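Here's the structure, in structure tokens; my notes come after.
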Amino acid sequence: MNPTRIIIDTDPGVDDALTFLLALASPEIKLEALTTVRGNVTVEMATRNALSILEVANASHIPVAQGCSLPLVSELSVSGEAVHGQSGIGKATLPEPKSKVVAQHAIDSLIERIVAEPDEITLFTIGPMTNLALAIRKEPRIVSALKGLVIMGGAIRQGGNVTPLAEFNIHADPHAAHIVFHSGIPMTLIPLDVTYKCLLTSADVEQLNKIDSPIARFVSDATATYMDFYRRYEGFDGCALHDPLTLATIIAPELLTFEEHHVDVDISGGVSMGNTFADFMNVSKKPANMKVALDVRGREFVELFVERMESLCVRLSEAKHLPHHKRDSAVATDAPSHRPDAPSGE
Ligand code: BDR
Ligand code: CA
């Protein structure tokens with residue numbers, strides 16, 4: 001089975017960074033590009049972080065296109081600084097990236113890559129959906145050209161993490177989410193209901209750190225501030241793997257329980273602005289517009305995540321000993337799965 005070809009639209013962000021690493025560690029996935037957006041940090045910082053993280057992972061060949069610096073309509077809401085640290089990546093000191101952002105705007109990059117090869121690319125949005133919403137408005141053919149869309153966002157039965165009713169990515173640009181939800185793209189939602197069940201603990205990070213590797217150190221430094229935040233405000237010793245869980249739709253879909261529903265988002269501007277709600281009783285008689293993950297075998301996902309990080313550490317240290325021109329392609333290709341029952345792709 002060929003790997004699933006993906007683009008990640010992102011606002012790195014600690015758990016965004018962990019998502020890139022998981023994609024690079026997973027043979028079921030071919031990461032083709034990153035596009036950045038304002039969310040956890042400014043779009044300039046998001047772009048810099050994306051380039052640097054790819055460099056840490058020896059994957060600078062993956063293009064990064066910079067996207068929108070402001071939400072469509074809303075005022076700028078809270079940034080993710082308290083959770084992700086001032087740089088966006090916790091206590092990790094990232095190298096000044098040697099590679100450059102591509103000249104094209106993220107919106108055009110998404111349109112060009114997706115429309116050129118209909119039904120080939122699955123898009124993962126793990127930040128506010130400003131870029132995708134504008135891409136839909138600029139080139140509506142992107143809707144039918146996308147193979148699929150997986151969104152980290154929303155809180156369906158669960159409360160919000162920015163307001164009592166709204167989740168960060170949706171709240172940061174609710175109008176963009178509204179455009180996307182009503183677009184007709186075949187989509188899957190990974191809301192807080194499931195991501196809060198995937199907690200990477202300090203014991204997991206310690207286990208990973210038994211390997212002497214820049215990746216293990218990066219995971220530990222990057223998650224330190226994130227974990228402090230969770231300890232202080234949420235009362236547990238760990239942090240949620242919100243964004244990485246989106247990739248379970250490819251690498252371990254059996255861990256997730258999905259239901260199909262009509263899901264909408266409140267853009268009326270009141271206290272529930274950005275609230276995502278499913279029509280569980282089908283009172284609106286509207287057809288389902290997405291698959292929603294409502295349960296997950298969280299601990300199994302976290303263990304899979306740690307295994308994949310371990311294999312990435314090993315692969316990177318092997319790549320170091322290869323001739324220079326072969327190093328980039330040594331990442332994220334032909335890696336054996338560590339799980340005997342791992343699905344071979346979508
Ligand atoms: C989402 O908000 C961001 O802070 C995280 O990176 C994740 O995408 C979780 O609500
Ligand atoms: Ca994110």
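Whatever order the structure lists ligands and atoms in, that order sets their numbers, starting from 1. A quick note: this is a predicted structure, and the numbers were derived from the prediction, not measured.
One finds no salt bridge joining Lys291 and Glu259 here, because no Lys/Arg side-chain nitrogen approaches an Asp/Glu carboxylate oxygen to under 4.0 Å. A salt bridge does not link Asp279 with Lys285: every distance from a Lys NZ or Arg NE/NH1/NH2 to an Asp or Glu carboxylate oxygen is 4.0 Å or more.
Excluding water, every protein N/O/S atom under 3.0 Å from the Ca ion (ligand 2) is given here by residue and atom: Asp11 OD1, Asp16 OD1, Asp16 OD2, Ile126 O, Asp243 OD2.
Residues of the protein with a heavy atom under 4.0 Å from ligand 1 are Asp15, Asp16, Asn40, His84, Ile126, Met152, Asn161, Glu167, Phe168, Asn169, Leu192, His242, Asp243, listed by chain and number.
By the salt bridge (charged side-chain N to carboxylate O under 4.0 Å, His left out) test, Arg5 is found to be paired with Glu32, Glu117, Glu120, residues two or more places apart in sequence or in another chain being considered.
The residue from Thr130, Thr35, Thr125 that alone fulfils the side-chain hydrogen bond (donor to acceptor under 3.5 Å, both in side chains) condition with Asp9 is Thr35.
Applying the 6.0 Å contact sphere to CZ of Arg141 captures no more than 12 heavy atoms from other residues, nucleotides or ligands.
Looking at Gln66 and Thr47, their side chains do bring a donor and an acceptor atom within 3.5 Å of each other.
Two rings, from Phe168 and His242, have their centers 6.0 Å or more apart.
Its side chain within the 4.5 Å cluster rule, Val283 clusters with Met281 among the Ile, Leu, Val, Met, Phe, Trp and Tyr residues.
Using cut-offs of 30° and 60° on the angle between ring planes, the pair Phe236 and Tyr230 is tilted.
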